[in-house]
Every structure is written in C-alpha cells, then in structure tokens.
Amino acid sequence: MINIKEDEKLSVLNHSCAHLLAQAVKHLYPHAMFWVGPVIEEGFYYDIDLGDNVISEDDLVKIEKEMKKISKDGKRIVRHEISKGEALEQFKDDPYKVDLISRMDEADTIISCYTQGDFTDLCRGPHVETVKELKYFKLLKSSGAYWKGDAKNKMLQRIYGICFYNEEDLNNHLIALEDAKQRDHRKIGKDLDIFMSHDLVGKGMPLWLPNGAIIRKQLENYIYEKEQKMGYKHVYTPCVGTVDLYKTSGHWDHYKENMFPSMKVDEEEFVLRPMNCPHHMLIYGNELHSYRDLPIRIGEFAADFRYEASGAVKGLERVRCMCQNDAHLFVRPDQIGEEFKKVVSLILDVYKDFGIKDYKFRLSLRDPEDTEKYFDDDDMWNNAEAKLREVLNELGVEYFEAVGEAAFYGPKLDVEVKPAVGPEITLSTCQLDFLLPRRFELTYVDSDGSKKIPVVLHRAIFGTFDRFTAFVLEETKGILPLWLAPTQINIVPVNNEYHLDYSKELQDLLSNAGFRVEMDAREEKLSYRMRESQTRKIPLTLIVGDKERDDKTISYRLFGTTETTTLSQEDFIAFVKDSINNRK
RNA sequence: GCUGAAAUAGCUCAGUCGGUAGAGCAACGCACUCGUAAUGCGUAGGUCGCAAGUUCGAUUCUUGUUUUCAGCACCA
C-alpha cells in the first residue's frame, strides 16, 4: 500500500484535501471549529469540534458531495502572511486557533494562512494551486478523537480521508483496503477454525480450537528448541500470586489498572498475574550466583492475565488472557551488549524463518530533559543506551530512536509490525531493567568477593503466542507452510468402492511417518472434495485412484497449483520431511 | 475507558413503516459411483444477543446490559 506521508507531492495533495474537507464541513456546520488536519500514512484527517453534532456515515456522503461541489468551482488557494498579533485578533473567537497561535514562541512570528473561496485556515503549507486539483478523494471513516490526544480532554470529531491524483490510484487503494479485510486474522481464524470466542467466557479470552492449538504447539516447539540451544532454562510458575509479590515488584502500584481485581481467600489476598517477571526473579534468588554463572536465562511460556481496556481487545492480537514467549536474562552490567546482541540476532533469525520482512526496530530511550521520572543512575542509563545503539549498528539493523519512550526502569527495543487492519503493534520486545533485581534484592558474587546487582533483560521473541499467531495468519493469508499447517495432507479417494483400501493404507503410512493426515472419503463428487481441500488451504492433497493403487504410488497436488505430481511412497515421505525441515 | 456503528439459522446475509421471519452455503436423508474448485431432489434447523419498559401485541419502538466492529486513549 502507498505511504502518502513518504510521497511529497501526495502529501501536499492530501493536506490540501484536508482543507477542502474543513471548508465543506464549515458550509454544512457553520458553528464548526477546527483543530488540526495532518497527513498520515494512509491519507489525512481533520479533528473538528462540532458541538453536539456527531458525523454519521450518511453525513460523510453529504460532506463528500459538498467537497466535490467546492472542487468544481475551482477556487485558487491563496497564501498570505500575518503577524502573530494579527492572527490572534483575526481568530480570537476560535479557542483552538488561539491555542495553536499562542504556542508559537516568538511574538513577531509570521503566520501563514491559506484562503480558498470563503474559507481561510491557519497553515504552514504548502498547498496545491487550486481546489480543482482535488478530484479523486474519498472520506473513509469518522470517529471521536481526544483533543491533543489526551483522554482528559474533550473529544472532537475526526474525519479520515484520502486523496490521489487519478481515479485508478484511488480505486486501487480502496481495493487494497478490501483485500486487507480478507487477510484479517479474525476472518481467517473463523474460516479455518483456528479460534473462537464466547460471551460466557468473556471479552478478550479466545478459545483455541484444535487447528489453532496445532499451530501454537508448533510455534512452542520451534522457539523452545532455539532457546534451549542458546542456554535458556525453562520453568513453570503459577498464574496466581499473592498481592505482596506484586507489591514487591512494584506492579501493584504501577500496573494495577491493568490487573484483574484481587481475590481474598481466607486471610490471604491473591491476584491473577499480569506478568511473570517476579516469579523469575525469585527463581534467580533461589540460589547464590557467581559472576562466572552469568548470564542466567530463565524462560517460560507463561500465561498472563491483563485487564486490557475494553476498547483495546482484538481477536488474538490483544487479549486479556495471553501466553508470553517470555524470558528473563540476568547479566552483569558488562554483559549487557553481548546478551542484547544475542537477543537481536535471535529476533532476526526467527523473522527470517517466518519470512517476516516488513517490520521496524524501535529503540526507546530516556528523555534527557526529564531524567526525574526514570530509575536514578545516569551512568547505567548512558552506558546501556550506548551499548544498545552499538549493537544495532554492529548488526547493521535499521532502527529509529524514540526519545522519552523508555520504560522508567530501563531502555528497550521493540519490533513493530503492521497488522492487516488497525494500527501498528509490537511483536518482539527486549527491555533492560535496572530496577527489578534491586526490588527483589538479587545479587551475584563478583570476582572480588563483593555482592553485585545483576541487570535483567526481559525479552519476548514472539511477544505472545496469541499475537504472533495472529500475525502469521495475516502474513500468510492463512496459507500456512507445511510445518505449521494444522492438516498437512488430505487424502481424497476418487472412488470409495475401489480406492478406499489403498487410501487407508496411505493414511496409516503417513500418520506413522509423523504427518498430520486426514482422509476425505465422503460420498461427494471428487471436484467437490478437491474444492474443499483448497478452501481449507491444506498444503498437500493426495488423489488416490486406479493408477496410484495399482502402482502403489502417491499423487499429490500442492496448494495453489493445478498440476499433480506422482512419486513413490518413499520419495513422497522424503519430500514431505524435507519440506517440513526446511520450513517450506 | 471514550465517541460512534452493529448483533436475525452452524456460516454469509436479506427482511419486518409493530401482527413471532427468508435465501445461499453447511448439516441430515435419498438418488448419482464420480480423476482435480460446488450433481440433483428432499428434510430439518431461529425465544431475531440478553433484560426491562411502552403496547391488545415487540425481532421491529424506548432504556439498560453483554458482545462485536471502527477510531481515540491505554499498553509495567
């Protein structure tokens, strides 16, 4: 999909279209007041105060009509400049404009305005020459949005739209939006029986169906093996803990809003854990550690429970009951770089295996202007941040820095991806933590015999199995590679009377070879069963007829192809094993 | 959580300006015994998300509630 923001000409066009939108809204709602109308990756929006009016879908159509009308009139877009004082005077009845103007520092600032016909708006520009150029646009949706992005503020009406230079580009974009809906993991999840949900279970608590469970198990096996090879020690810990545990960790004070309410049993108070770091801290603390033992890597596929905001839950992507691909790495301060490098390398390795190419590394750093709110150890921060940068540069990884986005306990690296529908999400994460080991009084004995405090790296490669599965479903459009596919092989006998015996023989043979095999011997036409095998996106469909039975061979058709290949039984098994091993 | 929209058969959806609903697919039965994306005919299937209110009567109107969807906010 086109990124409007990255195309200078399209940016100007879209920004001009935002003004056109504002003008049309002003015509239809004379009392409307305007906040900002920026260009975003997929077009533009404008935040508008409409008083008590709420924009419905019908209204969008009306506004669009008005925009077309204004565009046809073809007024020129004229720039003129005024002083800050003049601007304040001119827009004195508009608190939003006054707010914008007041925030411009210098008293003698020159402020530019753009006028098209009867509409003038404050704007830095640039814009297209005339509104006539704004022809191929579409208003996409409307919704509420908090003023200045702060939930404490009033909610404005936001209208989203997009504009192109020609009809074809616009249509292609609209088609791409439709396509994206088709790859939404919530649709695929339903179509392929991967997960379900139920009101009685609750919001944000999906049930993994047998097909989903197979995918998840494969993911678990995959990452477990990688982690084992890297020296991780896997553990199991309980999902419920005392409130005191989370008071010790600090979650009770800082994360309570996202936790399910505590429960009192007899005299004790328990919580469902929102994360399992405290447990891993205690496991580390269970024995005395030498500096020689570090890093110590504790991993767990941990069920965690978070009371996510009701408006935030989404399919498998954002849930209230999740399974983290979690690990805590306890390192000496001098090992931060080396261990961080291993984590990033693992992320790169995994993404390569899954063919994930479209992602962004985000390095979240401390805000140097506001060090107060962070864990207090300047040297630790400076050294760690430098190390993280160094490693990323060394690995030749492209990343961007998000200043002020670090957690208060340490800097972090997140990997962000785009789901089929909706805003970017974090898949993998690696967070440094200077604080938690202190809260649990964790130490190691250093070479000089003194006790030192380790640094912890929280890391999750898949993030959660839930979210990663959602992402894989969208990446693959549900066409899973053989090693992940719930059903790998579907056997379709041509005729039950003559081919069922050999079909059963093959089913046994292939099941015993370790493959996930089904047989579709229903009394249906062959083409009917072939069609279903395709719609279920089963990688290999075997057709068993006279030829195969007589020659004791296997004829298969790969998903998405129309030709059939015939192999001996041994060769077929070797071929499937090879494909699985190579994660094809 | 906020602003809005939606919820009808297992699935996808139509419909009722207030008189308890219909299609396609799926399921089941019968016939067809078939070589690569839908054989035909028939049967069954719904407290119209849940609760209350208005009404002679509510799936339809009103209110509440749950869930879903879009966006915002949140994401130690």
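Below, chain A is the first sequence line, B the second, and so on; all start at residue 1.
Pairs of Watson-Crick or G-U wobble type, with distances under 3.5 Å, assemble into runs of 3 or more in RNA chain B at these ranges: B:1-7 with B:66-72, B:10-13 with B:22-25, B:27-31 with B:39-43, B:49-53 with B:61-65.
A search for salt bridge (charged side-chain N to carboxylate O under 4.0 Å, His left out) contacts involving Glu405(A) returns nothing, not counting sequence neighbours. Residues passing the salt bridge (charged side-chain N to carboxylate O under 4.0 Å, His left out) test with Asp191(A), sequence neighbours excluded: Lys187(A). The salt bridge (charged side-chain N to carboxylate O under 4.0 Å, His left out) check on Lys138(A) picks up nothing, with sequence neighbours excluded. By the salt bridge (charged side-chain N to carboxylate O under 4.0 Å, His left out) test, Lys65(A) pairs with no residue at all, sequence neighbours left out.
Taken residue by residue, residues 34-63 of chain A places heavy atoms nearer than 4.0 Å to RNA chain B at Val54(A).
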Where do N or O atoms of nucleotides 69-71 of chain B meet protein N or O atoms at under 3.5 Å, pair by pair?
{"unit_1": "C69(B)", "atom_1": "OP1", "unit_2": "Arg186(A)", "atom_2": "NH1", "d": "2.9"}
{"unit_1": "A70(B)", "atom_1": "OP1", "unit_2": "Arg186(A)", "atom_2": "NH2", "d": "2.7"}
{"unit_1": "A70(B)", "atom_1": "OP2", "unit_2": "Arg186(A)", "atom_2": "NH1", "d": "3.2"}
{"unit_1": "G71(B)", "atom_1": "O3'", "unit_2": "Tyr160(A)", "atom_2": "OH", "d": "3.0"}
{"unit_1": "G71(B)", "atom_1": "O2'", "unit_2": "Ser143(A)", "atom_2": "OG", "d": "2.7"}
{"unit_1": "G71(B)", "atom_1": "O2'", "unit_2": "Tyr160(A)", "atom_2": "OH", "d": "3.3"}

Mind listing the N/O atom pairs, protein and nucleotides 12-14 of chain B, below 3.5 Å?
{"unit_1": "U12(B)", "atom_1": "OP1", "unit_2": "Lys190(A)", "atom_2": "NZ", "d": "3.1"}

Report all interatomic pairs (protein N or O, nucleotide N or O of nucleotides 34-45 of chain B) with separations under 3.5 Å.
{"unit_1": "C34(B)", "atom_1": "O2", "unit_2": "Lys525(A)", "atom_2": "NZ", "d": "3.1"}
{"unit_1": "C34(B)", "atom_1": "N3", "unit_2": "Lys525(A)", "atom_2": "NZ", "d": "3.2"}
{"unit_1": "G35(B)", "atom_1": "O6", "unit_2": "Asp546(A)", "atom_2": "N", "d": "2.7"}
{"unit_1": "G35(B)", "atom_1": "O6", "unit_2": "Lys547(A)", "atom_2": "N", "d": "3.1"}
{"unit_1": "G35(B)", "atom_1": "N1", "unit_2": "Glu548(A)", "atom_2": "OE1", "d": "3.0"}
{"unit_1": "G35(B)", "atom_1": "N2", "unit_2": "Glu548(A)", "atom_2": "OE2", "d": "2.9"}
{"unit_1": "U36(B)", "atom_1": "O2'", "unit_2": "Arg557(A)", "atom_2": "NH1", "d": "2.8"}
{"unit_1": "U36(B)", "atom_1": "O2", "unit_2": "Arg557(A)", "atom_2": "NH1", "d": "2.9"}
{"unit_1": "U36(B)", "atom_1": "N3", "unit_2": "Thr564(A)", "atom_2": "OG1", "d": "2.8"}
{"unit_1": "U36(B)", "atom_1": "O4", "unit_2": "Thr564(A)", "atom_2": "OG1", "d": "3.1"}
{"unit_1": "A37(B)", "atom_1": "OP2", "unit_2": "Arg557(A)", "atom_2": "NH1", "d": "3.3"}
{"unit_1": "A37(B)", "atom_1": "OP2", "unit_2": "Arg557(A)", "atom_2": "NH2", "d": "3.4"}
{"unit_1": "A37(B)", "atom_1": "O4'", "unit_2": "Arg531(A)", "atom_2": "N", "d": "3.4"}
{"unit_1": "A38(B)", "atom_1": "N7", "unit_2": "Arg531(A)", "atom_2": "NE", "d": "3.1"}
{"unit_1": "A38(B)", "atom_1": "N7", "unit_2": "Arg531(A)", "atom_2": "NH2", "d": "3.2"}
{"unit_1": "A38(B)", "atom_1": "N6", "unit_2": "Arg531(A)", "atom_2": "NH2", "d": "2.3"}
{"unit_1": "A38(B)", "atom_1": "N1", "unit_2": "Arg531(A)", "atom_2": "NH1", "d": "3.3"}
{"unit_1": "A38(B)", "atom_1": "N1", "unit_2": "Arg531(A)", "atom_2": "NH2", "d": "3.3"}

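Evaluation of the side-chain hydrogen bond (donor to acceptor under 3.5 Å, both in side chains) test over residues 429-440 of chain A, restricted to residues two or more places apart or in two chains, returns Tyr409(A)-Gln431(A), Asp414(A)-Thr429(A), Thr429(A)-Gln431(A), Asp433(A)-His458(A). Pairs of residues two or more places apart, or lying in two chains, never qualify as salt bridge (Lys or Arg N to Asp or Glu O under 4.0 Å) while including a residue from residues 192-210 of chain A. For residues 523-535 of chain A, the salt bridge (Lys or Arg N to Asp or Glu O under 4.0 Å) pairs, not counting sequence neighbours, are Arg522(A)-Glu532(A).
One P atom belongs to A51(B), the other to U60(B), and the distance between them is 12 Å to the nearest Å. Going from the C1' atom of U67(B) to that of C50(B) covers 10 Å, rounded to whole Å.
Residue-level contact check: Ile159(A) touches neither bases nor backbone, having no heavy atom under 4.0 Å from any strand.
Judged by the 6.0 Å distance and 45° axis criteria, Arg320(A) is positioned over the aromatic ring of Tyr307(A).
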